[in-house]
Amino acid sequence: MTDTTETTGTGTTGRTWRERQAEDLMASYAPALRLLVKGEGCWVEDDEGTRYLDFLGGIAVNSLGHAHPALVAAAGRQAALLVHVSNYFATPSQLELAERLKRITGAGAEGRVYFANSGAEANEAAFKLARRNGDSRRNRILALRNAFHGRTMGALALTGKPALQAPFEPMVPGVEHLEPTVAALEQAMRDDVAALIVEPIQGETGVVPLPDGYLTEARRLTEEHGALLIVDEIQTGIGRTGRWFDHQREGIVPDAVSIAKGIAGGVPLGALVTFGRASRLLQRGDHGSTFGGNPFATTIANAVLDEIERADLLSNAARRGEQIRDVVLGMRSDLVTEVRGRGLLIGVGTTADAAPAIGAAALEHGLIVNAINPTSIRLAPPLIVGDAEIDAFRERFAAALAAA
Ligand SMILES: *Cc1c(COP(=O)(O)O)cnc(C)c1O
């Protein structure tokens, strides 16, 4: 039965959806921009029937866009078989996904996979892995200034944003935040470092890539001192930057990779993939999750990875990313100062404080982009984005820049 008051968001109490959000949901999020009711491809639709071109993709999550037939079919099929069984049992889809993740990360036969339900949880597993590296004298974990690794207490301690941490002190101890320079790393690196965790591109900071060559030097220094190199590919991984994982661009082999966001096209799933000796650090009983790796989420992830391979979405991400970059720079707007990022993770640098106005104007013109900070617009469209969507983006983004 369809209740029309429900689709307009007033529910049964006569309140507007905005009132309901304010009165019923925890205040930890900003007021929602729109009430969305459905989507198809790179488009979503709100309760008033207005369509928006989705160039945020659920924050780099909706790899296949919305209502992709492959995802819909897999969800229906698996829901009718098994949704959840607990980790007392294995399921075919879980085993298949682990095998695939070992293959696409290059972790190979020595690799192991731990399944979680979100990015923060994948990084919590990485944190525990670091604590298990060596004895209690190896008690320092290095991370980078402005890094974002999630909001749970361990992940928050890794996050290099004092404003997010301050209200929740004391932090989990042992984490130090460095400038993203090889000199700073050389100075901090000693034999008491358990791990270094880095994002190849800091997405939440406005799409800011690591300096070229940093990962290569980080690999050399961590190896020399017995520290783990953990790469947080939660936002950059699963094809987003035109490769399966962005660190593969420098050809390094890390000790662990954390994955989430795009892996299951919007169904919650996270994973930590370990390499070599790091695969033996967590032992029976050391960690666990009730939902982690359940047959529903892992089936969807397999369907997403299948489709990325079948439709060659890695090449599409690289090619469409270049196209979008050219479109933005071609507008020659005085508000745009630079374009950062790789593939379909794009940061548009703007003049002081212009980004929020551009984001708001874009929404008014039927385009979803993300004003991640006062001087950055983040674009992370679905990996399936094509010519028609890029044409629509050109028109709508130009209108937003003109209006802002
Ligand atoms: C989004 C993100 C996280 C946190 O993921 P959640 O699923 O929100 O917990 C961690 N690291 C990076 C790099 C991210 O982009």
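Whatever order the structure lists ligands and atoms in, that order sets their numbers, starting from 1. Numbering of residues begins at 1 and proceeds along the displayed sequence.
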Show the nearest heavy-atom pair for residues [X] and [Y], with the distance to one decimal.
X      : Y      : value
Phe148 : Glu199 : N-OE1, 3.0 Å
Ala400 : Ile358 : CB-O, 3.9 Å
Ala303 : Ala70  : CB-O, 4.1 Å

Restricting to ring pair (Phe, Tyr, Trp, His ring centres under 6.0 Å), what partner residues turn up for His287, sequence neighbours left out?
Tyr114

Is a side-chain donor or acceptor of Arg342 paired with a backbone partner of Thr241 at a separation under 3.5 angstrom?
no

Main chain of Leu158, side chain of His177: is a donor-acceptor contact present, judged purely on distance under 3.5 Å?
yes

Against heavy atoms of [X], which atoms of ligand 1 measure under 4.0 Å?
X      : value
Asn123 : 10 (C), 11 (N)
Glu199 : 13 (C)
Asp232 : 10 (C), 11 (N), 12 (C), 13 (C)
Ala120 : 4 (C), 5 (O), 6 (P), 9 (O)

Polar atom proximity, Gln235 to ligand 1 (N or O, under 3.5 Å):
yes

So is there a nitrogen or oxygen of Phe148 less than 3.5 Å from a nitrogen or oxygen in ligand 1?
yes

Option whose closest heavy atom lies nearest to atom 6 (P) of ligand 1, chosen from Gly237, Ala116, Gly119:
Gly119

Classify the contact between Lys261 and ligand 1 as side chain, backbone, both or neither, using a heavy-atom distance cut-off of under 4.0 Å.
side chain

Which part of His149 is near ligand 1, with near meaning a heavy atom under 4.0 Å away: side chain, backbone, both or neither?
backbone

Could any protein non-hydrogen atom be found less than 4.0 Å from atom 8 (O) of ligand 1?
no

For Arg100, is there an ion pair with Glu96 - N to carboxylate O distance below 4.0 angstrom?
yes

